Amino acid sequence: MMAPDSRAILKNPDLLPETPLINLVYDDFWGTPLTHSGSHKSYRPLCVLTFRLNYYLGELDPLGYHLGNVLCHAVTTWVFTHLARKVLVYTFPTLVAGLMFAAHPIHTEAVAGIVGRADIMACLFYLLTLLSYMQYEQAIAVLAACATFDVFIRHKASVKDVLNFSIFTKSQYRRLLEGLLCLFACGASLVGFRIYFMGNKPPEFAPSDNPASDSDSFLTRTLTYNLLPSLNFWLLIFPYTLSFDWSMEAIPLVESVSDVRNMATVVFYCCLGYVGLHVIRNLHKQSKESAIKPHANGNGVASGHIHSQRSPSHQPSANTVLRSPSRDHHRRGSNSSTDSSSLDTSSSSPKLTSRSLNVLIIALSIIVFPFIPASNLFFYVGFVIAERILYIPSMGFCLLIAQGAYVLYLGAREQWKKKCVVLTVVVVVVLFGVRTWRRNQDWQTEEKLYSSGIPVNPAKAWGNLANVLNDKGREADAEEAYRNALKYRGNMADVHYNLGILLQNQGRIEEAIESYKRAIHFRPKLTVAHLNLGILTAQVGNLEAAAKCYRHCADLDTSGLKDPRLHESTKISCLYNLGRLYADENRMQEAEDAYLEALRRRPSHYPAQSIQNMLGELYMKMNKPEQAEHWYHEALKSKPDHIPAHLTLAKLFQHKGVDDAAVRWFEKARAIDPTDGTIDHHHAQLYVSRGRHQEAAEMYKTAIEKNPNDFDVVFSAANAFRQINDKDTAENLYRKAAQIRPKEATAHMNLGAMLHMNGKLKEAEASYLTALQLKPTDAITQDNLAKLRNLMASKGGTAR
């Protein structure tokens, strides 16, 4: 799954069966409460409900989620084609509109990306609502499009009637007034409902999501925001350059009136104004004509359907329509009218016929109104361009293209011209289909998707690609990709943080620390960077600085951050690590305070058992076995199959000398996970503590089979075999321990001692020297090396 899909599906608690269904009403699309400051306020409970159904049927299998999207797109295409039939009437334009919508490349993101299901479902309900309103005059959504249909198409009002409020006073608009009042009431209810559930607060976005919104220049914001609609419309016309992300500098800010891109803005709005002006003129003429001519149904209200009201016996076939113009559908019995989709050129100025005007009005309303929330007109949004949001406006675009092609077809006098129109339509649909197929190849894998986005948004694309390469173990390529991302945009905290993880895994501790510090510099509230910085700081021995880092992270104000669950959990992890650090330093009271604070502040989604178990271990160190046992049992209440609690309870009874009870707890743990070698390791330690070394060695054989690369298991096993004087096995195990953890001084020191005992003096010397390089002040190693060299000198250098 892609990155957004990961958060919406893999990390979304609202998909889990144990999460109450009512949570879907109060949470946003990502499972965050809408009232939280870090919420995106994206309210899509029905879509999340379908994700939950997918989880119920196949849990996290991606096939079910992708199949669901494809089915939703197929159903939406079918419903849209039904709408197109009502609007366009004839087979040819309906087929063109349906095919273009089905194949448009702009839909790839919505269909291929699982989170795009929200946009597909929004479009489906948009269509169903519009169709319902056209048929029954009732609706609770797509209110602007419904009102446009009711005012200008059903009741044929002019713009003048709207502006001077005549629609509220003239008797002929009485039923229109009822519909508008209903729409207004529904709209107000929906807005109030949404504001209430959002906690009366707008969403917060990072400046990189929408750079223009962060600009201090009014001119820059105005010019940039006016450019974006033209770029969105261009993507509908020519969807060649597509990207998974258009944030950051993918669209550079328009900072000057001399910027050549302003020409695109001027051309776009001039064309829009020209179309709007002609619509207004034709609405005015239509309104005057309808005022002096009786309507078909005789009551002053236009027919309830857009298409022809003639009886089936008089309805022309599709073939007849394509051969010659039919009669005007809005004037029965008129033998002199042209086809309703053609242009009336009898006057000096072009006049749209009634049906063409209806198509234009509906198409423009579908393009414009759904785009307004994404236009930054009323509030800033968290993106520059998002291809998914063009899923609904593309319907209006397809209607326009289909009607335009049909008008051209009917207006062509020669047969070859008609064929050219048809051929052009076929070529466009095929090209759209090929582009969609090619774009779906990009969406097959994250690596291909992010690679394809490098030309458009190099910083974001390189950063995401680096994460994919890192997950695949291609560390060198991943590091190069991270650094490429930072070349384009050096202030990306996430990239610095992820680079720090890569460097940490490679053992490049100092470089990793520097990367975490840069991440914190650019995003001071990035809790995970604070946590990892504290862990590495403790690892290099600066315990006081690590403690300060943990405490600072635990006290961070994380309001306004995305994924609040992660950040709240990280703050508790900092307290947990702070308690462990204090416990290792024997600062028992401070450790107890840290653990208890972690339990007190722990959110419900953070597992309590780990803290409770560590608190029990702390009380054991403080020689308070009763309190320790209490917390061990509390850990088991939180998670009955928590193996560490089973092991610590076993050690508690071992400490009390009740070996039978200890063995029973080991057996309980083994029953939960028979493959866990650490259980055998701790069981073997019981035998070691009782001097039962042979049994310990046998138990370690089993532990090593299960966990062959666990340093603690291998090292302890070597000690056990040395105790039973199995020197060869002990030597081999010490060698393996030194290979598993080559920078562990004790491993090399013990290997040296074993080689020393086995008479392999040269190898023993090398191991001792390696141990001293890692820990120069170790007195035991220094003493053993001195004894070894004395022995080698006495043998005259003949030792192996």
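All values reported here derive from a predicted model rather than from experimental measurement. Atoms considered below: every heavy atom in the structure, side chains included; atoms not considered: hydrogens, waters and symmetry mates. For this chain, numbers begin at 1 and follow the sequence in order.
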Donor on one side chain, acceptor on other, S243 and D245, under 3.5 Å:
no
Would you say the side chain of P458 lies within less than 4.5 Å of the side chain of N484, judging by non-hydrogen atoms?
no
Surrounding CZ of R741 (heavy atoms of other residues, nucleotides or ligands, distance under 6.0 Å), is the total greater than 12?
yes
Once rounded to the nearest 0.5 Å, what's the spacing between atom OH of Y391 and atom CG of D119?
9.0 Å
Taking C-beta and beyond as the side chain, do L469 and L465 meet within less than 4.5 Å on heavy atoms?
yes
Could you check whether any side-chain N or O of R435 sits under 3.5 Å from a backbone N or O of Y240, counting only pairs where one atom can act as donor and the other as acceptor?
yes
For the student: nearest non-hydrogen atoms of V257 and N262, plus distance:
O-ND2, 3.1 Å
Test: R117 cationic atom under 6.0 Å from Y65 six-membered ring centre, within 45° of axis:
no
Are the side chains of L223 and L227 in contact, using a 4.5 Å heavy-atom criterion?
no
Checking R388 side chain against T108 main chain: does a donor-acceptor pair fall under 3.5 Å?
no
Working to the nearest 0.5 Å, report the span between CG of N470 and CZ of R474.
11.0 Å
Spacing of I106 atom CD1 and N232 atom CG [to the nearest 0.5 Å]
8.0 Å
Output yes when a side-chain donor or acceptor of T224 lies under 3.5 Å from a complementary backbone atom of V254, and no otherwise.
yes
Assign the ring pair Y516 / Y497 to parallel, tilted or perpendicular, where the plane angle (0 to 90°) is split at 30° and 60°.
tilted
List the steps and the verdict of salt bridge (Lys or Arg N to Asp or Glu O under 4.0 Å) for E447 and K472.
CA-CA 10 Å; E447 184 173 352; K472 292 183 175 182; 2.6 Å; yes
Rounded to the nearest 0.5 Å, what's the gap from CZ on R565 to OG1 on T570? Could you check?
12.0 Å
Does a donor on one side chain and an acceptor on the other come within less than 3.5 Å for W443 and E109?
no
I'd like to know if R551 pairs up with D555 as an ion pair, taking the criterion as any Lys NZ or Arg NE/NH1/NH2 lying under 4.0 Å from an Asp or Glu carboxylate oxygen.
yes
Can you classify the ring geometry of F397 versus H104 as parallel (below 30°), tilted (30 to 60°) or perpendicular (above 60°)?
perpendicular
Side chain to side chain contact (heavy atoms under 4.5 Å, CB included) assessment of E479 paired with L499
CA-CA 7 Å; E479 182 176 350; L499 177 59; 4.1 Å; yes
Tell me if a side-chain donor or acceptor on K571 pairs with a main-chain N or O of L556 at a distance below 3.5 Å.
yes
State, to 0.1 Å, how close A529 and I520 come at their nearest heavy-atom pair, and which atoms those are.
CB-CG1, 3.7 Å
What do the steps show when you test Y56 against R52 for side chain to side chain contact (heavy atoms under 4.5 Å, CB included), and what is the final call?
CA-CA 6 Å; Y56 174 78; R52 187 157 175 151; 5.9 Å; no
Examine distances only and state if a side-chain atom of N69 and a backbone atom of V111 form a donor-acceptor pair shorter than 3.5 Å.
yes
Do S230 and Y269 have side-chain atoms, one donor and one acceptor, less than 3.5 Å apart?
no
Search all heavy atoms of R221 against all heavy atoms of A212 and return the closest pair with its distance.
CG-O, 3.1 Å
Determine whether S515 and L503 satisfy the following criterion, side chain to side chain contact (heavy atoms under 4.5 Å, CB included), listing intermediate values before the conclusion.
CA-CA 9 Å; S515 287; L503 296 171; 3.6 Å; yes
Would you say that more than 12 heavy atoms from the other residues, nucleotides or ligands in this model lie under 6.0 Å from the CZ of R261, or not?
yes
Side-chain heavy-atom pair H496, F522 within 4.5 angstrom cut-off:
yes
Within the 4.5 Å heavy-atom criterion, are H107 and T436 side-chain neighbours or not?
no
Kindly check if the number of other-residue, nucleotide or ligand heavy atoms within 6.0 Å of OH (Y488) is above 12?
no
Kindly indicate, with the supporting measurements, whether the criterion side chain to side chain contact (heavy atoms under 4.5 Å, CB included) is fulfilled by S247 and N457.
CA-CA 7 Å; S247 62; N457 192 344; 3.7 Å; yes
Is a salt bridge present between R523 and D494, judged by a nitrogen-to-oxygen distance below 4.0 Å?
yes
With no hydrogens and no angle check, is any side-chain donor or acceptor of K736 less than 3.5 Å from a backbone partner on P708?
yes
Nearest atoms (heavy-atom pairs only) where A485 meets G463
CB-N, 3.6 Å
Starting from the C-alpha separation in whole Å, work towards a yes-or-no answer on side chain to side chain donor-acceptor pair (under 3.5 Å) for S256 and S258.
CA-CA 5 Å; S256 168; S258 62; 2.7 Å; yes
Heavy-atom side-chain proximity of Y225 to S213 below 4.5 angstrom
yes
Spell out, as yes or no, whether a donor-acceptor pair under 3.5 Å connects the side chain of S452 to the backbone of L449.
yes
Least distance between heavy atoms, A538 atom then L543 atom
O-CD2, 3.7 Å
Restricting to non-hydrogen atoms, name the atom on Y550 and the atom on N577 that form the minimum distance, rounded to 0.1 Å.
CZ-CB, 3.6 Å
Atom pair CD1/NE2 of I572 and H567 - distance to nearest 0.5 Å
14.0 Å
Quick one: does E446's side chain get under 4.5 Å of N464's, heavy atoms only?
no
Looking at side-chain heavy atoms only, is the closest gap between F51 and I114 below 4.5 Å?
yes
Hey, what do you get for CD (Q441) to NZ (K448), rounding to the nearest 0.5 Å?
6.0 Å
Angle between ring planes, F244 versus Y450, binned at 30° and 60°: parallel, tilted or perpendicular?
perpendicular
Examine distances only and state if a side-chain atom of N542 and a backbone atom of T537 form a donor-acceptor pair shorter than 3.5 Å.
no
